[in-house]
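Here's the structure, in structure tokens; my notes come after.
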Protein chains: 2
Amino acid sequence: MRILIVEDEPGIYNFLKQGLEEESYAVDIAEEGKKGLKMALSGEYDLLLLDWMVPGISGIEICRQFRQEFKQTPVIFLTAKDTLDETIFGLQTGANDYIKKPFHFEELLERIRVQLRPKSGEHSIFKLGNITLNTATYQVFKGDEEISLTQKEFALLEHLLRNKGMVCRRSRIIESVWDIHFDYNTGVIDVFINALRKKLKLGKDENYIQTVRGVGYIAKEI
Amino acid sequence: MRILIVEDEPGIYNFLKQGLEEESYAVDIAEEGKKGLKMALSGEYDLLLLDWMVPGISGIEICRQFRQEFKQTPVIFLTAKDTLDETIFGLQTGANDYIKKPFHFEELLERIRVQLRPKSGEHSIFKLGNITLNTATYQVFKGDEEISLTQKEFALLEHLLRNKGMVCRRSRIIESVWDIHFDYNTGVIDVFINALRKKLKLGKDENYIQTVRGVGYIAKEI
DNA sequence: TTCAATTTTAAGTGAATCTTAAGTCTTTAC
DNA sequence: GTAAAGACTTAAGATTCACTTAAAATTGAA
């Protein structure tokens, strides 16, 4: 899941970026309104976090123009305490939710989940054969055995499981997991797929993560 | 745990009642606002589920009057999709959360658990291996030996133990223990983890507090 | 205010993780 | 059957992040 943050204060966006990345969202930042709108319109994001006051175009204007293009991507506003009445106006321009600064990260996360739920499926637990991945506790089990994964391994497996039964293109994987959206003629994915299959001890009879030659990978029940 | 539902549609409250009772909550229903408020004020409930639109007094009014009596019981609103902006006012009147109809029962359950957590976690003794933490007496023992911890050390250990078996992300820790909701690219957590491990004399064979690189820490039995 | 204890900041070090790269193997196309 | 392309595997190099320590700042009590 990709999130765009339009926010000019480094203190805030760094906090958000790190926190959200720990939850394995891919996060991009725009420090300025015009750029933010352009990035938002690219269609690469699953959710927008807009600060109310950013240099350039205001958050509300970004939202309005964004919705004018019939984009459905959920929008959450980050607003200062004293602009509440305007905020409600903001919701009328098509935002989905708002959150007051200072806020608890936990609360923001919950609201993000609410917005993404219809797409991402509501459970934080994903299953594939006897493999279980729990995004809440950051744990992976194969049967009863806990498998210790690194960040990237976890993010990759999560991506595959979120899209269980569907082919995940390499380009999409590199975008979602590595947050790279340009050239990607690199072998990282292969290396990490290899690591996953090893750690999960996927034998011939447990070919849960299959290669789709020329395209990517697919996680599916056998 | 007792839950009061104020809701007039039998279809909804029966669904909720049955589901919640299966989760072993005790559930009462009020079909009408005035009665709902009276029951709520009785103080018998651990949580209120208020429909936004009930006959008699509105949900928001119930909540306002309820809070006026300095009642701390958590309140969750059930709201229709199109009343989101009003809902936000609802949160300001002292509600703890809201959920949009139609919602998934799982999601409601999750939010209920979030609200009840602080109370249900009142078991004041937490154990991890031969380590015991008592929130009532503010003491920590390792075996028979009492370990003297500072405030922050205690709070951190408590957080880890409350979430035993789950990975605690740095962002959550910094929120829960330090109450910081913004920038936190700081090394405090590391320093205190270090202090804990030292004071608790966790050797190689007693690796109760494990680090999850890039994410946080996990306290677990070995 | 002063002093001691606690908390936070900062910086150097080392280890785990990530990335790159190169050689090997497998599949596909001709 | 052979060549080419893509995937697998491995290991080394680069990087990031946590550990550790000490010093600075803050807090609280005398």
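Every chain is numbered from 1 and lettered A, B, ... according to where its sequence line falls, protein lines coming before strand lines.
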Taking [X] for the side chain and [Y] for the main chain, is one N or O donor matched with an acceptor at less than 3.5 Å?
X      : Y      : answer
A/E32  : A/K35  : yes
B/K127 : B/T132 : no
A/R111 : A/I76  : no

With no hydrogens and no angle check, do the side chains of A/Y13 and A/E31 hold a donor and an acceptor under 3.5 Å apart?
yes

salt_bridge(B/R170, B/E175) N-O dist < 4.0 Å
no

Sub-3.5 Å pairs of nitrogen or oxygen atoms, protein against nucleotides 12-19 of chain D:
from: D/dT16; atom 1: O2; to: B/R213; atom 2: NH1; distance (Å): 3.4
from: D/dC17; atom 1: O4'; to: B/R213; atom 2: NH1; distance (Å): 3.4
from: D/dC17; atom 1: O2; to: B/R213; atom 2: NH2; distance (Å): 2.5
from: D/dA18; atom 1: OP1; to: B/R170; atom 2: NH1; distance (Å): 3.3
from: D/dA18; atom 1: OP1; to: B/G214; atom 2: N; distance (Å): 3.1
from: D/dC19; atom 1: OP1; to: B/R197; atom 2: NH2; distance (Å): 2.2
from: D/dC19; atom 1: OP2; to: B/Y217; atom 2: OH; distance (Å): 2.5

Using atom CD1 of B/I209 as one end and atom P of D/dT20 as the other, report the distance to the nearest whole Å.
12 Å

Taking it one step at a time, do A/R197 and A/T211 satisfy side-chain hydrogen bond (donor to acceptor under 3.5 Å, both in side chains)?
CA-CA 11 Å; A/R197 298 212 257 229; A/T211 305; 3.2 Å; yes

At how many degrees, to 10°, do the end axes of the helix from C/dT1-D/dA30 to C/dC30-D/dG1 meet when each uses five pairs?
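That helix gives 40° between its end axes.
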
I want to confirm an ordering. Mapping B/V191 and B/L149 to their closest nucleotides on DNA chain C, which one lands closer to the 5' end?
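Closest to the 5' end, via its nearest nucleotide, is B/L149.
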
For DNA chain C, whose closest nucleotide is more 5', that of A/F192 or that of B/V188?
B/V188

Interatomic distance, A/L160 atom CG to A/I218 atom CD1 [nearest 0.5 angstrom]:
9.5 Å

Quick one: CD1 on B/I209 to CG on B/L157, what's the gap to the nearest 0.5 Å?
5.5 Å

With under 30° as parallel and over 60° as perpendicular, where do the rings of A/F154 and A/Y138 fit, or are they tilted in between?
parallel

Would you say D/dT10 has OP1 or OP2 under 4.0 Å from some side-chain N or O of A/K198?
yes

Using a 4.0 Å cut-off to any heavy atom of chain A, which nucleotides of DNA chain C are the first and last in contact, reading 5' to 3'?
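Under 4.0 Å from chain A, the extent on DNA chain C is C/dT17 to C/dT28.
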
Could you check if a side-chain atom of A/I29 sits within less than 4.5 angstrom of a side-chain atom of A/E7, using non-hydrogen atoms only?
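No, every pair of side-chain atoms sits at 4.5 Å or beyond.
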
